[in-house]
Protein chains: 2
Amino acid sequence: MAVTIQQIADLAGVSRGTVDRALNNRGRIRPEVAERIKGIAKELGYQPNMAAKALSTANHALQIGVIIQYAETPFMKAVLEGTEFAKEEVERFGGHVFVECIHGGDVKKLLKTMKDFREAGVKGIALVPTDDELLKKTINEFVEKDRISIITINSDLEDTKRLCFIGQDSYASGRVAGGLMGEIIPGDGKVMILSGSQENVATMERTRGFLDELEHHYSRIKVLEPRYAYDDDWVAGKLLKEQLEETPDLAGIYITAQGESGVCDTLKKYRLEKKIKVIAHDYEGENRENLKKGIINFILRQNSYVQGYESVMELFHTLCGNPTRQGEFWHTDIVIKTRCNL
Amino acid sequence: MAVTIQQIADLAGVSRGTVDRALNNRGRIRPEVAERIKGIAKELGYQPNMAAKALSTANHALQIGVIIQYAETPFMKAVLEGTEFAKEEVERFGGHVFVECIHGGDVKKLLKTMKDFREAGVKGIALVPTDDELLKKTINEFVEKDRISIITINSDLEDTKRLCFIGQDSYASGRVAGGLMGEIIPGDGKVMILSGSQENVATMERTRGFLDELEHHYSRIKVLEPRYAYDDDWVAGKLLKEQLEETPDLAGIYITAQGESGVCDTLKKYRLEKKIKVIAHDYEGENRENLKKGIINFILRQNSYVQGYESVMELFHTLCGNPTRQGEFWHTDIVIKTRCNL
DNA sequence: CTGAAAGCGCTAACAC
DNA sequence: GTGTTAGCGCTTTCAG
């Protein structure tokens, strides 16, 4: 049998209520008593019973909020599937999960939703952030003043008091892309990098990883100057066309951002889809089709579903007294998809 | 607020106890009353509260057993890590998880442990099975007579009453291996398949998937007759040597089973480690080193950790009244590992 | 066959 | 500051 607060109370010669106050830093207790109780709990290896905790607090304290920006994108839709699944699980424990979708990036709406959640008594929030000073401040305020736990999904805000970040290691995934490219194109082939914009941290990191890997292990491959398509299919197609005119013997394309369909269409038009190797990110939407058809050779998946699922479950565990399970950074697997493991 | 048995009881004009008997088929209740109660529960969309269920039954009904055969192998060690993590989570809910390791394959000991678990009051068992008639019978008996839920890990016993199977789709992973090999060796290269034994279903399925993929999409690649190393490094090395004498221009090796180190050592001896591409399974033990060094080009990972973790968590959910989350087959992701995502 | 009531471990409101 | 107590929703005796 696991140790209970009653046992601690008996040993300390106090009541359950006092132990509860001590162990949960609720105040209204003499510091030296609190210390003594904590000592006994530690000695006994006390672990709170999550079922009991959930049962007794579910109706007020087990409320979790999720805020997804860019909810219209295929990628975030997969995140949402994960949160929905987690929602079901949490609600089976008597908790509540509120999911708010935001179209595109809209920090104002994000902040508004955070405040609404706080009013509603939410004790943990998982959100897809954007790099914004006011948002950072608000996060810190929520954590410190309101004791609301916050998790960043997909992109991080490192210099905040958030509980943790769940997402992919962009640099590492870029390196994986580089390693794959190195293997599948000729040793002295030419490679184009088609990126999003220089403001986007994630895609810049991917690019950096890609370059590092090729430089260190496939140094004879020639990597062309990155071009930026600003996540647009049409621009991506156009940039590729221009590149092909300059570099008719192009061997591979690494797409770090959106715009994959534009690339694939252009390749098809020029009948180059079997000749030029393509590596892209995000196993969602049209990418799946293009992978199946063999136009894209590899897709590096972010495991977005897992991000959605784990962010909610991590908050759930935290609220039930189970400390963080993975540390500050929770990097999801870099899953490589080929035509064969669709 | 979620619906509770009390609400159902009120509506049906009976007591909580009666509702409990009806909803959990405990008998000692008039059939027509039971039906009526079930009807009301359904209408109301009743979902039992897992926290309450866990709290009230933890000490007798939330006992889970895990039996791992071949526990000495690196692969199963990873499975064990997953079960240990799950164990902690379950025990935080007041449950109990007993883990029994078996050295090598030992059905007698497996059966003995199952019976011990049953005596101890265990209500769910996750086990790594071997294909054995008595084991199958015992599983069915446990499920039907003792109402103990059973999950098979890693390899399946399809024609039994087990709750589900958690493991990898061997055929699919073979196909992925084929697709990768097709990309990284020359279009008309020669490939060797180094397998375990013809009795091992999983490795035969991998081989079948590998062959299918190459035949359909890389038909000019020449696949040599499979050789069987019986999971032995020395034999594997020897078979490779023989193959190299017959086929000095070998371009790739697909290893479906154990014996990878033997292959890598031989390749190093002949200074062929950069020339011949190697694809293997199981990201554990020495394979990691050999992948890092570039001797192995790709490892297809089984996600053994996940298998261990999810098997226990699935039993936990089942015992807490949450129905199966994934269906009869729960195929874990086929994770491709390269030097870059170690 | 059915109802009543105790209890699982923890929290929170209320006394003192 | 500290103790007491009434729940949270479900299971499980024990009466009837």
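Remember, it's a predicted structure, so these values are computed and weren't measured experimentally. Letters A, B, ... mirror the listed sequences (proteins, then strands); counts begin at 1.
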Using a strict 4.0 Å threshold on nitrogen-to-oxygen distance, state whether B:Glu141 and B:Lys137 make a salt bridge.
->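 The answer is no: the pair does not qualify as a salt bridge.
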
Test: B:Lys123 and B:Asp146 ion pair at under 4.0 Å =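 Looking at B:Asp146 together with B:Lys123, the answer is no, because their closest N to O distance does not fall below 4.0 Å.
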
Please work out whether the ring planes of B:Phe329 and B:Phe165 are parallel, tilted or perpendicular, with thresholds of 30° and 60°.
->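 Correct class here is perpendicular.
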
Nucleotide nearest [X] when distance is taken to its side chain, options [options]:
{"X": "B:Arg28", "options": "D:dC8, D:dT11, D:dT13", "value": "D:dT13"}
{"X": "B:Ser56", "options": "C:dC10, C:dC8, D:dG1", "value": "C:dC8"}
{"X": "A:Tyr46", "options": "D:dG3, C:dC10, C:dT2", "value": "C:dC10"}
{"X": "A:Ser15", "options": "D:dT4, D:dC8, C:dC1", "value": "D:dT4"}
{"X": "A:Arg26", "options": "D:dC10, C:dG3, C:dA12", "value": "C:dA12"}
{"X": "B:Thr57", "options": "C:dG3, D:dG9, D:dT12", "value": "D:dT12"}
{"X": "A:Ile5", "options": "D:dC8, C:dA4, C:dC10", "value": "C:dC10"}

When you measure from the side-chain N and O atoms of [X] to the phosphate of [N], is any distance below 4.0 Å, counting only OP1 and OP2?
{"X": "B:Thr18", "N": "C:dG3", "answer": "yes"}
{"X": "B:Arg30", "N": "C:dT2", "answer": "yes"}
{"X": "B:His60", "N": "D:dT12", "answer": "yes"}
{"X": "B:Lys53", "N": "D:dT11", "answer": "yes"}
{"X": "A:Asn24", "N": "C:dT11", "answer": "yes"}

For the side chain of A:Arg16 and the base of C:dT11, is some donor closer than 3.5 Å to an acceptor across the two?
->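 Yes, a donor-acceptor pair under 3.5 Å.
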
Figure out the [atom1]/[atom2] separation between [X] and [N], and round it to whole Å.
{"X": "B:Asn59", "N": "C:dC10", "atom1": "CG", "atom2": "P", "result": "11 Å"}
{"X": "B:Ile8", "N": "D:dG9", "atom1": "CD1", "atom2": "C1'", "result": "11 Å"}
{"X": "B:Leu23", "N": "C:dT2", "atom1": "CG", "atom2": "P", "result": "14 Å"}
{"X": "A:Leu55", "N": "D:dC8", "atom1": "CG", "atom2": "C1'", "result": "4 Å"}
{"X": "A:Glu32", "N": "D:dG1", "atom1": "CD", "atom2": "C1'", "result": "11 Å"}
{"X": "B:Ile37", "N": "C:dC1", "atom1": "CD1", "atom2": "P", "result": "13 Å"}
{"X": "B:Arg92", "N": "C:dG9", "atom1": "CZ", "atom2": "P", "result": "16 Å"}
{"X": "B:Gln7", "N": "D:dG9", "atom1": "CD", "atom2": "P", "result": "8 Å"}

Look only at the side chain of B:Thr332 and the backbone of B:Gln302, and say whether a donor-acceptor pair between them is shorter than 3.5 Å.
->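 At least one qualifying donor-acceptor pair exists.
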
With no hydrogens and no angle check, do the side chains of B:Lys38 and B:Asn25 hold a donor and an acceptor under 3.5 Å apart?
->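 Looking only at side-chain atoms, B:Asn25 and B:Lys38 do form a donor-acceptor pair, the distance falling under 3.5 Å.
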
Do A:Asn303 and A:Gln307 have side-chain atoms, one donor and one acceptor, less than 3.5 Å apart?
->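 No pair is found: no donor N or O on one side chain lies under 3.5 Å from an acceptor on the other.
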
Determine to 10° how strongly the helix from C:dC1-D:dG16 to C:dC16-D:dG1 is bent, judged from the axes of its five-pair ends.
->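 Between the axes fitted at each end of the helix from C:dC1-D:dG16 to C:dC16-D:dG1 lies an angle of 50°.
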
Find which nucleotide of DNA chain C each of B:Gly17 and A:Ala2 is nearest to by heavy atoms, and output the residue with the more 5' nucleotide.
->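 Nearest nucleotide further toward 5': that of B:Gly17.
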
Side chain to side chain contact (heavy atoms under 4.5 Å, CB included) between A:Tyr70 and A:Thr130, worked out | CA-CA 10 Å; A:Tyr70 305 98; A:Thr130 29; 3.9 Å; yes

Across the strands shown, which category fits B:Asp20 at heavy-atom distances under 4.0 angstrom: base, sugar-phosphate, nothing?
->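 Base, at least one base heavy atom under 4.0 Å.
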
Option among A:Glu89, A:Lys87, A:Glu84 that satisfies the side chain to side chain donor-acceptor pair (under 3.5 Å) test with A:Tyr309 |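 Of all the options given, the one that passes is A:Glu89.
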
